[in-house]
There are 2 protein chains.
Amino acid sequence: MSDRPSYPNYQSLFSALQGVEIIDQPQQVARLSLDYYHFSPVLTSLLQDRRADLVLRPQNVEQIIAICSICAQHQIPLTVRGAGTGNYGQCIPLAGGIVLDMTQLSAIKSISNGIARVEAGAKLWQIEKQAREQGWELRMFPSTIKTATIGGFIAGGSGGIGSLRYGQLRDRGNLRSATVISLEVEPQTIELRGSAVQQINHAYGTNGVITELEIPLAPAVDWAEAIAIFPDFMTCARFGQTLGNSDGILCRMISVHSHPIPQYFTALKNHLPHSCHCALVLIAASDLEPFTELVGEFGGTVTYQKPALEAQKGISLVEFSWNHTTLHARSSDPQITYLQSLFVNDPQLSLVQHMAEKFSGELFTHLEFIRMQGQVIPAGIQLVKYRTAQRLQEIIDYHEAHGVLIANPHTYILEDGGMKTINHEQLAFKRRVDPHNLMNVGKMKFAATPS
Amino acid sequence: MSDRPSYPNYQSLFSALQGVEIIDQPQQVARLSLDYYHFSPVLTSLLQDRRADLVLRPQNVEQIIAICSICAQHQIPLTVRGAGTGNYGQCIPLAGGIVLDMTQLSAIKSISNGIARVEAGAKLWQIEKQAREQGWELRMFPSTIKTATIGGFIAGGSGGIGSLRYGQLRDRGNLRSATVISLEVEPQTIELRGSAVQQINHAYGTNGVITELEIPLAPAVDWAEAIAIFPDFMTCARFGQTLGNSDGILCRMISVHSHPIPQYFTALKNHLPHSCHCALVLIAASDLEPFTELVGEFGGTVTYQKPALEAQKGISLVEFSWNHTTLHARSSDPQITYLQSLFVNDPQLSLVQHMAEKFSGELFTHLEFIRMQGQVIPAGIQLVKYRTAQRLQEIIDYHEAHGVLIANPHTYILEDGGMKTINHEQLAFKRRVDPHNLMNVGKMKFAATPS
């Protein structure tokens, strides 16, 4: 908070810690205090001036324990940060204090029997790369895979590319263990296993510093990339749903975009004729033949195909999916913001169609197909031409009134985003590991209220 | 047909063919004329006396072409046979003539980029084994994998172990090409690709001799085997559905059995206490931890666990699933027969429960969970204490009246089994490649009627 008194003696408190990088240069502190909150005009006004007083970048767990102890002793707010690729201000400190930059704890400790044991600051890209060398791959990752950390993904994400096959991070089995350090004068180290990991999964780092994780992998597949275009949006969307339901065609990603979204993908413009609607697909190289046949049956055209061997070089379609779509759109038109929605009971895509027509010209449909409790459904990351916060809320309310679940990306409050209810398990764990309510202050509702 | 005049000069017609093994010893001919039709008391009375006049066992495609030509010239019925592990008399010759035993055409021609190119007589077990050496595995196979051929599986099967992940053989992408020889004086060799393969898929070998196939593989997973038991059947069944819907736990097979079925599994008796209900599971070795937790949440107990490395040795749970269940039950009680059903719209398993209760004591519920158009549903292979054909039909009718799809295993007529409608595509292809209606005579409805 720009109007909050600073704690001038921070520097001296931490300067005794050997090896901890201390960052106090204002521009660097500003950069390391923020994320992609600016995708939301609502969050922009609320968060743009928030800053840490100091950024600490530890090299190992011992240093983190020492930092936690000092923060507890001196009641200093602490906000944990990975690569800062979140979109809801997950890692923006609301009450100043310390930002704990985890990126130096990046060891991949082991990959064996389909499980990766990694430090929280390990980059997803590095895990994917090392896993593939042993015949494995990540089950899911965000479109920011090249920079994002596993800890940030677990604390602030929910799923992504691969969720079409393996569901969400919250699904049983998709996170095996988490090692967490408490914010106490004598910090505890706690390993959570099994369902207990849900206490810290997608909790925005409000309840303990995650230092190490065990994540399950999937058998590696050679994924090719392809773009299919269609003259009509609903045909394109139905193609996506049909492809997702095609159990004999292995896909890692089906990302569907209505006109004019493809026009924002300037690097792909040679493959996206004007006014087309498109599906960006990661598909098993072995399955290109039935994929191409299916595109043809829907009256579409495959305009781009990249073999699996080359898919990891140059441009990847991954970087046009999920919230990279929003990023590209906002590069062309900064007025654009977005929604996050789940069409949980819409197998015929009637609601998808209704919303596209109802808000025609104002809302551009972008769907990512994901698997939820076994079923492939469209998750919408619709682009919205922003007018006012009130109009945005009207659009959200209209969706919710029609049974479309909205995970509101225009709030930094954990419970007001996806879940809409207090997660008592996470709150109880917060009281245990952050008794002074110093971690990511202001993000978890009722955190300050005694239980 | 025992009362049909034989064609005494068959032997001389074929004896000129170098290398073709000719089998005329009556016991051998009887064995090679039959399959597991005796699972059905209805089929037993219709099929038990059917015999070929002669069995031919060619070594290569050239010999098959010569045989086809001779059969066309002399109007000799021809029925193609793999390992004869079918259950509906698929390969039992109704009109005598030749049985063409394909088991010597067993070459695995190539495994590359996730596609196996194989001769029709290749054993599924050999394909699985060679595929695994290269990091691949079969997408699906029947419980008879150790003996069954790929050609027989394609011609007479529909899915099996692995269908939980990859759907059915008929699903787009699960069969890539088929090479077929026509029954004409000058036999044609036809390669079908893409959707065109559906012309011969599950057509009981009525329309052309399948000689070679391209089938897609899946990335290999180390599958462990486990048995979980439950005190209550519906809890056991709901456990199966929940496990199937758990996108973060990789399963290849979920086979659920109500009491008294587990008692028929004598080789597993140490792991199946009296009056238990059980789930037999093939699960990724990496996912045993969340699996075990889920069993516990349903109040079940894991009584058996075999690591992936040992899963291919000794007893496999595969051989207690699908129609091996029926086989074991009939070993104890020959009065038992079975149904095949799909609970396509029963996510709460209410119909499963209703049928189990309605026919309590007469019908024992056996479910195999499979994926159909993206969704995991229970396929029933219920055991039935057989009384009369009429009572069996009543049970079938009652299921169908309540929306349970029945693929009647008590008929040898292709269209009366699964599909219930004439497959005009397969019929048209039959007219093209078997213009004299000599192939597997009597199995395809309207085959003899001019179009």
Side-chain angles (χ1 to χ4, degrees), chain A residues 112-115 135-137 139-140 159 163-177 193-195 214 216-222 241-250 284-294 296-297 308 347 369-377, chain B residues 112-115 135-137 139-140 159 163-177 193-195 214 216-222 241-250 284-294 296-297 308 347 369-377:
Chain A
S112 85
N113 300 321
I115 309 277
W136 300 98
E137 65 181 32
R139 288 192 179 177
M140 64 197 74
S163 287
L164 178 61
R165 299 192 68 68
Y166 299 106
Q168 311 293 294
L169 283 174
R170 78 178 69 97
D171 287 327
R172 184 191 297 276
N174 280 335
L175 172 60
R176 295 302 166 78
S177 83
R193 291 204 76 84
S195 293
E214 273 181 278
L217 303 167
V221 172
D222 286 330
Q241 182 71 59
T242 303
L243 180 60
N245 288 347
S246 293
D247 303 316
I249 304 179
L250 282 61
S286 60
D287 292 353
L288 281 166
E289 185 179 352
F291 164 76
T292 305
E293 191 182 44
L294 187 65
E297 282 185 21
F369 287 90
I370 62 171
R371 203 173 288 275
M372 223 174 99
Q373 279 143 46
Q375 222 168 326
V376 173
I377 64 158
Chain B
S112 85
N113 299 321
I115 309 278
W136 301 98
E137 64 182 32
R139 288 192 179 177
M140 64 197 73
S163 287
L164 178 61
R165 299 193 70 69
Y166 299 106
Q168 311 294 294
L169 282 174
R170 78 176 70 97
D171 288 327
R172 183 191 298 277
N174 280 335
L175 171 59
R176 297 303 166 78
S177 82
R193 289 204 79 83
S195 293
E214 274 180 275
L217 303 167
V221 171
D222 286 330
Q241 182 71 57
T242 303
L243 180 60
N245 289 348
S246 292
D247 302 317
I249 304 179
L250 281 59
S286 59
D287 292 354
L288 281 166
E289 185 178 355
F291 164 76
T292 304
E293 192 182 44
L294 186 66
E297 283 186 21
F369 287 90
I370 62 170
R371 204 173 288 276
M372 224 174 98
Q373 280 144 45
Q375 223 168 326
V376 172
I377 63 159

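Note that this is a predicted model, so its numbers are computed, not measured. Residue numbering restarts at 1 for every chain, and letters A, B, ... go by the order of the sequence lines.
Distance alone, capped at 3.5 Å, is enough to place a donor-acceptor pair between the Arg371(A) side chain and the Leu164(A) backbone. Judged by distance alone, with hydrogens and angles left aside, the side-chain atoms of Asn113(A) form no donor-acceptor pair with the main-chain N or O of Ala285(B) at under 3.5 Å. One N or O on the side chain of Asn174(B) and one on the backbone of Gln168(B) form a donor-acceptor pair closer than 3.5 Å.
Considering only heavy-atom pairs separated by less than 4.5 Å from chain A, the leading option among Gly167(B), Gly114(B), Pro219(B), Ala220(B) is Pro219(B). Heavy-atom pairs under 4.5 Å with chain A peak, among Thr292(B), Ile249(B), Thr242(B), Asp222(B), at Ile249(B).
Interface remark: Leu294(B) contributes backbone and side-chain atoms alike to the contact with chain A (heavy atom separation under 4.5 Å). Looking at Ala284(A), there are no atoms closer than 4.5 Å to chain B (heavy atoms on both sides), in backbone or side chain. Of the atoms belonging to Ala218(B), not a single heavy atom falls under 4.5 Å from chain A. Heavy-atom distances place the side chain of Arg139(B), and not its backbone, under 4.5 Å from chain A. Heavy atoms closer than 4.5 Å to chain B are found in both the backbone and the side chain of Ser195(A). Contacts between Met140(A) and chain B at a heavy-atom distance below 4.5 Å are absent for every atom of the residue.
With sequence neighbours left out, Glu289(A) forms a salt bridge (Lys or Arg N to Asp or Glu O under 4.0 Å) with Arg193(B). In this structure, the salt bridge (Lys or Arg N to Asp or Glu O under 4.0 Å) partners of Arg172(B), at least two apart in sequence or on a different chain, are Glu293(A), Glu297(A).
The existence of a salt bridge linking Arg176(A) and Asp287(B) is confirmed by a sub-4.0 Å separation between a basic side-chain nitrogen and an acidic carboxylate oxygen.
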